[in-house]
A.B. asks: 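Handing you a structure now.
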2 protein chains.
Amino acid sequence: MKNDPKRKIYTEILKTKGYKLTAPRLLVLDVFLQNRKPLNADFVYEKVRTKKTDRVTVYRTLKIFESARVIHQVNLKKDSVFFELTKDHHHHIVCLECGLIEDFDACTIDQLAKNVISKSPYFSSIDHHSLELFAICKKCNKG
Amino acid sequence: MKNDPKRKIYTEILKTKGYKLTAPRLLVLDVFLQNRKPLNADFVYEKVRTKKTDRVTVYRTLKIFESARVIHQVNLKKDSVFFELTKDHHHHIVCLECGLIEDFDACTIDQLAKNVISKSPYFSSIDHHSLELFAICKKCNKG
DNA sequence: ACACTAATTGCAAATCATTTGCAATTAGTG
DNA sequence: CACTAATTGCAAATGATTTGCAATTAGTGT
């Protein structure tokens with residue numbers, strides 16, 4: 001969505017880091033803004049391939065977005081790597097059988113992170129975190 | 001280590017699930033017992049290749065161990081998948097620059113998980129979880 | 001608006017990790 | 001000790017991701 005207020009935040013981050021705002025990059029960004037869940041390279045490519053964007057460009061764009069901290073990896077134990085927008089951060093419960101994903105917030109994690117940092121000899125601040133719970137969902141438990 | 005008390009726990013799990021205790025499987029298990037940190041397929045293979053064990057067997061063994069819940073995936077944002085023994089579970093702070101890993105415990109996560117479960121319409125229990133913090137370590141922050 | 005230049009792109013080919021098919025071997029059972 | 005299904009190793013296939021390179025383009029200054 002061109003009118004998503006977060007769009008500007010991300011494009012500003014990219015500009016600040018010296019990356020050009022090219023058509024493919026904006027397309028990929030919009031895929032993330034329009035699909036607020038963890039996405040893999042293939043999903044993104046399927047959404048932009050019609051708009052003359054190569055698969056390689058998708059890979060390269062994901063790398064750039066990741067290094068610019070616009071997106072980050074999410075551990076979903078699927079066969080490929082998934083990413084989500086950094087500002088959309090939340091946590092997931094993932095069904096080990098069917099892959100069902102439920103979101104949840106965990107405000108206590110920030111407190112926990114502070115605690116860990118205060119005791120660490122190597123780290124003094126946290127960039128971001130990843131908390132995933134894995135389970136068998138009720139449906140799969142029956143089957 | 002043949003004398004590691006946890007070795008028996010894992011071999012029992014494998015037996016119970018009907019998997020044969022073959023030489024390659026015991027070799028892979030021992031690699032995990034002797035290297036208490038997240039490992040990838042390549043690391044394991046390098047440790048067992050001398051003992052006439054094929055790379056394919058390593059991959060297949062990791063799959064079996066994962067489905068038997070002897071090991072599970074850890075999200076370290078590296079280019080390949082890492083695993084650790086389930087009973088060795090702890091959390092990590094990973095440096096986004098140099099990959100330095102520091103371990104920590106987080107006993108409050110279990111409470112948090114219970115809390116999430118009590119509110120979830122889809123899940124009624126947690127199998128395991130994954131909490132990783134990502135940061136730039138003090139050393140990399142200077143450089 | 002126009003030209004310049006480095007960054008970015010698309011394509012084709014290469015690489016890397018992981019998987020599959022199949023015949024030979026082996027662990028666990030009786 | 002023999003039996004049988006599970007497991008293994010090899011070779012080849014697959015699938016995801018990366019690389020080289022020439023053509024294109026965004027952002028800059030004019």
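Reminder, nothing fancy here: chain letters follow the sequence lines and each chain counts from 1.
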A.B. asks: Using the test side-chain contact (heavy atoms from CB on, under 4.5 Å), find all partners of B/Asp110 that sit at least two apart in sequence or belong to another chain.
C.D. replies: B/His129
A.B. asks: Would you sort out whether A/Phe32 and A/Val44 count as a side-chain contact (heavy atoms from CB on, under 4.5 Å), showing the intermediate values?
C.D. replies: CA-CA 8 Å; A/Phe32 276 98; A/Val44 174; 4.1 Å; yes
A.B. asks: In whole angstroms, how far is the P atom of D/dT8 from the CG atom of B/Leu27?
C.D. replies: 10 Å
A.B. asks: Of A/Val56 and A/Asp42, whose nearest nucleotide on DNA chain D comes first from the 5' end?
C.D. replies: A/Asp42
A.B. asks: Who are the salt bridge (charged side-chain N to carboxylate O under 4.0 Å, His left out) partners of B/Lys15, not counting sequence neighbours?
C.D. replies: B/Glu12
A.B. asks: Find the distance A/Leu26:CG to D/dT25:P and express it as a whole number of Å.
C.D. replies: 15 Å
A.B. asks: According to the Watson-Crick and G-U wobble definition with distances under 3.5 Å, which dot-bracket string, read 5' to 3', encodes DNA chain D, using [ ] for crossing pairs and | for pairs with another strand?
C.D. replies: ||||||||||||||||||||||||||||||
A.B. asks: Is the count of non-hydrogen atoms from other residues, nucleotides or ligands lying under 6.0 Å from A/Phe43 atom CZ greater than 12?
C.D. replies: yes
A.B. asks: Can you list everything that forms a side-chain hydrogen bond (donor to acceptor under 3.5 Å, both in side chains) with B/Glu102? Sequence neighbours excluded, please.
C.D. replies: A/Ser120
A.B. asks: Who passes salt bridge (charged side-chain N to carboxylate O under 4.0 Å, His left out) against A/Asp42, sequence neighbours left out?
C.D. replies: A/Arg55
A.B. asks: Between C1' on C/dA27 and CG on B/Leu14, what's the gap in Å once rounded to a whole number?
C.D. replies: 14 Å
A.B. asks: Taking only residues two or more places apart in sequence, or in another chain, which ones meet B/Arg49 in a salt bridge (charged side-chain N to carboxylate O under 4.0 Å, His left out)?
C.D. replies: B/Glu46
A.B. asks: Which residues pass the side-chain contact (heavy atoms from CB on, under 4.5 Å) test with A/Lys20, sequence neighbours left out?
C.D. replies: A/Thr22, A/Arg25
A.B. asks: Partners of B/Lys119 by side-chain hydrogen bond (donor to acceptor under 3.5 Å, both in side chains), sequence neighbours excluded?
C.D. replies: B/Asn115
A.B. asks: In whole angstroms, how far is the C1' atom of C/dA7 from the NZ atom of A/Lys17?
C.D. replies: 18 Å
A.B. asks: Measure from NZ on B/Lys52 to C1' on D/dT7 and round the result to the nearest Å.
C.D. replies: 11 Å
A.B. asks: Closer than 4.0 Å, any side-chain N/O of B/Arg55 to the OP1 or OP2 of C/dT18?
C.D. replies: no
A.B. asks: Enumerate the residues from residues 58-65 of chain B whose closest heavy atom to DNA chain C is under 4.0 Å, giving them by residue number; use none for an empty result.
C.D. replies: B/Tyr59, B/Arg60, B/Lys63
A.B. asks: Let me know the distance between CG of B/Asp54 and P of C/dC22, rounded to the nearest Å.
C.D. replies: 18 Å
A.B. asks: So which protein nitrogen or oxygen atoms get under 3.5 Å of nucleotides 27-30 of chain D's nitrogens or oxygens?
C.D. replies:
from: D/dG27; atom 1: OP1; to: A/Leu21; atom 2: N; distance (Å): 2.8

A.B. asks: Using OP1 and OP2 only, check whether a side-chain N or O of B/Arg25 sits under 4.0 Å from D/dT8.
C.D. replies: yes
A.B. asks: Applying side-chain hydrogen bond (donor to acceptor under 3.5 Å, both in side chains), can you list everything that pairs with A/Ser67, at least two apart in sequence or on another chain?
C.D. replies: A/Tyr19
A.B. asks: Report the residues that fulfil salt bridge (charged side-chain N to carboxylate O under 4.0 Å, His left out) with B/Lys63, sequence neighbours left out, ordered by chain and then residue number.
C.D. replies: none
